[in-house]
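Note on naming: letters A, B, ... go to the chains in the order of the sequence lines (proteins, then strands), and numbering restarts at 1 for each one.
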Amino acid sequence: MTPKPALKDLDVSLGKRIRLHRLLYRYGPANGTLLFLPIDQGLEHGPVDFFANPDSVDPAFQLRLAKEGGYSGIVFHIGLAEKYLKDFAGEVPLILKLNGKTNIPKDDYAFSPQTASVEDAVRLGADAVGYTLYVGSPAQGEDIRQFFEIREDCVRFGMPLIMWAYPRGEAIEAKGGRDSLYAVDYAARVACELGADLVKLNLPEYDEAKTKDLPKPYDQMKFSPQEAMEKVVKSAGRTLVLVSGGSKISDEDLLEKVKLSMEAGVTGLIFGRNMWQRDLDDALKLTEKIKRIMSEYSI
Amino acid sequence: MTPKPALKDLDVSLGKRIRLHRLLYRYGPANGTLLFLPIDQGLEHGPVDFFANPDSVDPAFQLRLAKEGGYSGIVFHIGLAEKYLKDFAGEVPLILKLNGKTNIPKDDYAFSPQTASVEDAVRLGADAVGYTLYVGSPAQGEDIRQFFEIREDCVRFGMPLIMWAYPRGEAIEAKGGRDSLYAVDYAARVACELGADLVKLNLPEYDEAKTKDLPKPYDQMKFSPQEAMEKVVKSAGRTLVLVSGGSKISDEDLLEKVKLSMEAGVTGLIFGRNMWQRDLDDALKLTEKIKRIMSEYSI
Amino acid sequence: MTPKPALKDLDVSLGKRIRLHRLLYRYGPANGTLLFLPIDQGLEHGPVDFFANPDSVDPAFQLRLAKEGGYSGIVFHIGLAEKYLKDFAGEVPLILKLNGKTNIPKDDYAFSPQTASVEDAVRLGADAVGYTLYVGSPAQGEDIRQFFEIREDCVRFGMPLIMWAYPRGEAIEAKGGRDSLYAVDYAARVACELGADLVKLNLPEYDEAKTKDLPKPYDQMKFSPQEAMEKVVKSAGRTLVLVSGGSKISDEDLLEKVKLSMEAGVTGLIFGRNMWQRDLDDALKLTEKIKRIMSEYSI
Amino acid sequence: MTPKPALKDLDVSLGKRIRLHRLLYRYGPANGTLLFLPIDQGLEHGPVDFFANPDSVDPAFQLRLAKEGGYSGIVFHIGLAEKYLKDFAGEVPLILKLNGKTNIPKDDYAFSPQTASVEDAVRLGADAVGYTLYVGSPAQGEDIRQFFEIREDCVRFGMPLIMWAYPRGEAIEAKGGRDSLYAVDYAARVACELGADLVKLNLPEYDEAKTKDLPKPYDQMKFSPQEAMEKVVKSAGRTLVLVSGGSKISDEDLLEKVKLSMEAGVTGLIFGRNMWQRDLDDALKLTEKIKRIMSEYSI
Amino acid sequence: MTPKPALKDLDVSLGKRIRLHRLLYRYGPANGTLLFLPIDQGLEHGPVDFFANPDSVDPAFQLRLAKEGGYSGIVFHIGLAEKYLKDFAGEVPLILKLNGKTNIPKDDYAFSPQTASVEDAVRLGADAVGYTLYVGSPAQGEDIRQFFEIREDCVRFGMPLIMWAYPRGEAIEAKGGRDSLYAVDYAARVACELGADLVKLNLPEYDEAKTKDLPKPYDQMKFSPQEAMEKVVKSAGRTLVLVSGGSKISDEDLLEKVKLSMEAGVTGLIFGRNMWQRDLDDALKLTEKIKRIMSEYSI
């Protein structure tokens, strides 16, 4: 088991420390790990993701799951936060997502414009904010600049900043694709260097067919899934890593993913569709299983 | 009949609540539903829409209709508001449209630039503002950003914000077109997540020829018109839905549209050309019929 | 004779009212009509327009004409205003043009950048400002936005705002051209809806060869020149209309244009090259003839 | 000999008047004419221009020349001003260039971004600032806007503004090229109308092969070199004209250029490579000859 | 041995002087030369550069090297500075890099967006900031403008500014490539004219195959490596020159590079991969050798 950074060892400002402490030790697993429930897919993918569980179209569903399941926080865009969080105020910490887009146009030049500000997050009592950076997109000039301005506001307000570090765009697709170890590893480091406090990443995937497109020496490397993730965690350094769930997979695979991720030294998980594309009871049971695994990784 | 959100259950600021209360309970049907009269077509389409009823070129016509017909409000761009509203001040609530464009250039990359500010709306005593977002346009980066800044001003001033959520641009046309259930459903959710208080939508249309272009599972779905609208209303969630009239149709079809929409749980209607492309008496009689239907949907 | 809007009936702020009153009733014809002398062609076309009358290259020429001929005001870009107006201060009202460009590049994507601010106009004692909006240009997003910001400054300072509403760009050329009734009619309405106080327009022209390209129903319409202008004036509504002179025509045609325009309900004329592309005496005599016609349209 | 504008007749603010007076009557020829030494070629062309005289790579060379030769001022970008001017403070007036670029990319869409501000110029004790506007470039929208903002700062600080008015870009090349009378004449007028206090221009050149591309009536016109420059000076009006030296020519040609320019009514000269691409003694002797000619044009 | 500029002779503000003095005389060689350790490759190239020495992925490695080796400072992006510097506060001066990008997209139009501000640098106690300008990139308009704004903040806060002057983009590749004497020489001068205090450059390389593409007279010139660098140092003038190490080379070659650079009059070295792509002891020994050479160039 790879060690992960502990809050007490991080050099963060008081405001960030208080908010991170709340997320790490007062809500969710409360043992220094994190379990977040994201519900921003309605903007990013459209209502299509709600077909699997029609109840899930109403964010009250996810809020109940987050509260009863004891999640570290829920991830909302501004609209959902303002309209649905009231009845769960103080019970479910808010992670306010600050940029977003639809997936209707092609994403060769992927860019996600700002949808809310750090001040909005402060006003709504959020404990962290999220920002999607499309690592390696031809639009990175605009993207990195936008991230910079939000990062500075986070410094000003002591607000923890989570980067959704997503390799995306025509350039990364030509270099082995968005899920390669090369891509995810690079994304982890970008988050670290640009000043995110936490980074949300996908587990790297090995795709034989695309290895020839990878930059050296990645084109020659073989890693087990766990070794790959350990490498990524190292590249992220003192940036806490969250592993993303992605589209729905089997429960066994998901629990395996949890185990592998935690072993690799990640701080937490951010699972959306895998949790709320099923009924509440089912989701609560699965949450329980996940948290049981996470309880072994106290810090 | 699908239930719709009631103002008392919405978590809005005091300024928004007072203005929304006025619109919902002191003007128009005054039973918690809304009937708006838009007259922004002169900018969006040119004077061509006034040929059917030459009197309609003078906004005094629509103002008389709005006052005598008892509408919840009139939708104006800044120029018409400043030049024509004086004699109806306090009698007809103003919804100030904050962006617009001509339809002369192609709209493959549709974008509607800002034409007025929330401060203009406050200065003119408006009770809400309108913003057109071209959902899925390749220009969404600029559009969502512009909406964000206006939304923040609405928060600052307690001004209700209505999103004209219009799927538009080459990408949506390639995915089944702007009026598909897929497109309208997505648009409803975008409005909800980005923080609009109300959303103006078209009724989804079923076009056999284009279903093959729709993203899964929309390409396999069959909905009655009312079921389609109910789905859209659910995606909008606590965002009040207004149904747009579009170009002129027969009175029977229009009244059918009213009935269907109200049954589907929308909060109101925003009918322009269908109302003012006829003489005043005729328009007032039709208004009366519409309001009679709406009176059955008090909340 | 079509009635035109009177200042007393317009709902404008005190600052705008005082300045408009001066232009309408204290200078020029002083009977509620306007006669402006524009001299911005040096920027827009280059010194080429001064060949016909070499004296005209020196703006002192136009200032003498404006003063001795009794014009309502002179239109200058910032440079000419600052360098030449001093000796005529208080004698010739200043209309400061706030944007401009050369005609060297193609105007498929016509856009006219800002060259001066409303504050400049206030500082220089101007009584109105002018802005060129290229109606229907593919660059309208940037153009409308820029106009919006200037319009807000005009509100702040009580400064009357004249829109040069010029249909321009590849899209309008593909729809029957910049001078069609369709184009001019649309331009008039854009000025009205976007919040201009006055609008400068060309007389619509009928071009048989291009009618097939016009949007419906303009492709089927026949109008006399005066009927066409009356229609445009109606579309402009409470926006005072100024008719532009364009390139030089015969005196008979020009006086006919004056008569036709005034009959059609326009508030005034803005004639440049037709006036100063001749010697001073000649120009003063022609001015006298124009003003004699205008004197019949007091309001 | 064509008369040129005298400072006493110009309507400029007190700050501009004091600074212009210093340049015109206290430094350099000090008889109302100007002789500037520009050294911005290192940025605009690279160090290549220093090969002819290796000493010239060190700006101390040009400063010595400016001081000993008695120039009206030296033109520097911010870096050279800050690093080299100290030892000549108060001895050589500073003209701070406010925008610049390398010539590495093609200049079809020529644009010169801002490199320093008017505040920098004030802070460094400059007596004027310079701005390059690429007249007729397809990028003129951005260029004119940038110039506007700098011009407003010049008003605020009473800082004289010199426009390097350079016809440039694919559009002007298609219309007879950057050095035609058409191009230079237009550039002079642009500077005048946009509000420059002085304008730097090239002498127009007559190129038989390109006359057919010139806009009417320039394609039919014949001018002697001096007539051409007189025309340009008239188009510039009350904007003081500086003639640029361009690349190195023979001493005879240069002195002829001086004579011709002064006769044509220009206020001064701005000669760089022709002066400092030779050793100091040689340069001082030539300077002396130039100033002797200029002494005949007191005003 | 070519003389290099001494701090005492430079005309810099007190804030810059104090910070530069610390870098030149209190840390590192402390004899007026500079030895910087950059660790921004994780952002610029991805974690790929850490394969050669796996320990190097943790910035604590470089910090130990910088402290024990006695470097003049370490170059970090904001994220590494905030997360890793605490334990070395006051021991290792911080050079905060203010812009950066990934190398995933092509760099035909290379541009490096801002990632941190001068205020960030002040807040973190940095002694200088770094900015990458892609000299000659088609995106230079945006780049030079961004540099300008940062330079002004450096003036405001008395913060020394180092320009990474990198010839880059399709235009320079077409003119003999980024490493030619032409390119590096031009880059040095750009830094000087735009107002950098120091400039980081590569040693020019001679590539026979590309000389034909070089602008005149560079296409005909022969220089020894040291003569080439001396020329570049002259073009940089009073801008202190730092030579970059580039990718890893043999120790002999590196020490040769040090000797050649110092002889050519550069002020210091900025060596990254050559130092930390080896174990600590090895790196310290090599550092010692480099510093021994540098000790002969006191000023």
Side-chain angles (χ1 to χ4, degrees), chain D residues 39-52 54-61 75-89 96-120 123-124 134 137 139 142-143 146, chain E residues 5 9-13 16 109 133-149 151-152 155-156 163 167-175 181-183 185-197 199 214-218 221 231-232 234-239:
Chain D
I39 168 62
D40 62 343
Q41 291 82 355
L43 176 59
E44 298 292 339
H45 309 150
V48 67
D49 283 351
F50 307 130
F51 281 106
D55 286 350
S56 67
V57 74
D58 181 351
F61 178 84
V75 182
F76 274 151
H77 273 287
I78 182 82
L80 301 193
E82 290 191 330
K83 292 169 191 164
Y84 293 91
L85 195 55
K86 183 188 175 190
D87 295 338
F88 299 82
L96 189 68
K97 192 76 197 323
L98 300 188
N99 66 340
K101 63 166 189 59
T102 76
N103 69 356
I104 298 171
K106 284 188 294 186
D107 60 1
D108 291 357
Y109 295 79
F111 172 72
S112 186
Q114 190 166 358
T115 56
S117 66
V118 181
E119 270 199 55
D120 281 318
R123 175 173 62 85
L124 300 180
Y134 289 123
S137 168
E142 193 175 355
D143 204 353
Q146 184 176 258
Chain E
D9 299 329
L10 296 181
D11 185 20
V12 294
S13 69
K16 289 191 178 191
Y109 294 79
L133 191 113
Y134 289 123
V135 176
S137 167
Q140 68 176 341
E142 192 175 357
D143 204 354
I144 290 174
R145 171 95 203 186
Q146 184 176 258
F147 177 79
F148 149 61
E149 289 167 1
R151 183 195 54 70
E152 290 221 313
V155 169
R156 192 152 63 98
M163 185 192 283
R168 201 65 49 98
E170 62 182 23
I172 200 71
E173 298 307 331
K175 292 184 178 174
L181 174 58
Y182 162 71
D185 203 23
Y186 203 149
R189 186 72 183 197
V190 166
C192 181
E193 299 226 1
L194 292 183
D197 298 297
V199 58
L214 290 170
K216 285 184 203 312
Y218 290 96
M221 288 165 57
K231 170 149 184 30
V232 168
K234 273 197 185 141
S235 293
R238 295 190 187 162
T239 314

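- Taking a 6.0 Å sphere around NZ of E:Lys231, one finds it holds more than 12 heavy atoms contributed by other residues, nucleotides or ligands.
- For E:Tyr218, the part lying under 4.5 angstrom from a heavy atom of chain D is the side chain only.
- Contacts of E:Leu10 with chain D are absent, with no heavy-atom separation under 4.5 Å from either backbone or side chain.
- Annotation for D:Ser117 and E:Glu152: closest pair OG-OE2, 2.6 Å, computed over non-hydrogen atoms.
- In this structure, chain D has a heavy atom under 4.5 Å from the side chain of E:Val155, while its backbone stays farther away.
- Contacts between D:Gln146 and chain E at a heavy-atom distance below 4.5 Å involve the side chain alone, from C-beta outward.
- Of the charged side-chain nitrogens involved, at least one lies within less than 4.0 Å of a carboxylate oxygen, so that E:Asp197 and E:Lys16 count as a salt-bridged pair.
- Contact annotation for D:Tyr109: neither backbone nor side-chain heavy atoms come within less than 4.5 Å of a heavy atom of chain E.
- Neither the backbone nor the side chain of E:Pro215 has a heavy atom closer than 4.5 Å to any heavy atom of chain D.
- Heavy-atom pairs under 4.5 Å with chain D peak, among E:Glu170, E:Lys216, E:Lys175, at E:Lys175.
- Of the atoms belonging to D:Pro54, not a single heavy atom falls under 4.5 Å from chain E.
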Show me the donor-acceptor pairs, under 3.5 Å and distance only, between side chains in residues 96-105 of chain D and residues at least two apart or in other chains.
residue	atom	partner	partner atom	Å
D:Lys97	NZ	D:Asn99	O	2.9
D:Lys97	NZ	D:Thr132	OG1	2.7
D:Asn99	OD1	D:Thr132	N	2.8
D:Asn99	ND2	D:Ser112	O	3.0
D:Asn99	ND2	D:Ser112	OG	3.4
D:Asn99	ND2	D:Thr132	O	2.9
D:Thr102	OG1	D:Ile104	N	3.3
D:Thr102	OG1	E:Gln140	OE1	2.9
D:Asn103	OD1	E:Tyr186	OH	3.4

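- For the set D:Gln114, D:Lys86, D:Glu142, the entry with the most heavy-atom pairs within less than 4.5 Å of chain E is D:Gln114.
- Between the CZ atom in E:Phe148 and the CG atom in D:Asp120 there is a gap of 6.5 Å [rounded to 0.5 Å].
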Problem - Test side chain to side chain contact (heavy atoms under 4.5 Å, CB included) applied to E:Leu194 and D:Leu43, step by step - result: CA-CA 8 Å; E:Leu194 292 183; D:Leu43 176 59; 3.8 Å; yes
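- For the pair E:Arg168 (side chain) and E:Ser137 (backbone), a donor-acceptor distance under 3.5 Å is absent.
- Taking chain D as the reference chain and counting heavy-atom pairs below 4.5 Å, the highest number among E:Ala171, E:Pro138, E:Gly136, E:Gly195 is found for E:Gly136.
- Every salt bridge (charged side-chain N to carboxylate O under 4.0 Å, His left out) that E:Glu149 has, sequence neighbours left out, goes to E:Arg145.
- With a 4.5 angstrom heavy-atom cutoff, D:Leu85 does not touch chain E via any of its atoms.
- Highest contact tally toward chain E, considering only D:Ala139, D:Pro113, D:Ala116, D:Pro47, is held by D:Pro47 [criterion: heavy-atom pairs under 4.5 Å].
- Interface check for chain D: of the options E:Val135, E:Asp11, E:Thr239, E:Val190, the most heavy-atom pairs under 4.5 Å are formed by E:Asp11.
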Exercise for the section: Applying side chain to side chain contact (heavy atoms under 4.5 Å, CB included), run through E:Cys192 and D:Tyr84 and close with a yes or a no. Expected result: CA-CA 11 Å; E:Cys192 181; D:Tyr84 293 91; 4.3 Å; yes
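- Between D:Glu82 and D:Arg123 a salt bridge is recorded (basic side-chain N to carboxylate O distance below 4.0 Å).
- For the options D:Leu80, D:Val48, D:Asp40, heavy-atom pairs under 4.5 Å to chain E are most numerous at D:Leu80.
- In this structure, the portion of E:Ala191 lying under 4.5 Å from any heavy atom of chain D is its backbone and not its side chain.
- Contacts of E:Ala196 with chain D are made by backbone atoms alone, with heavy-atom separations under 4.5 Å and no side-chain atom involved.
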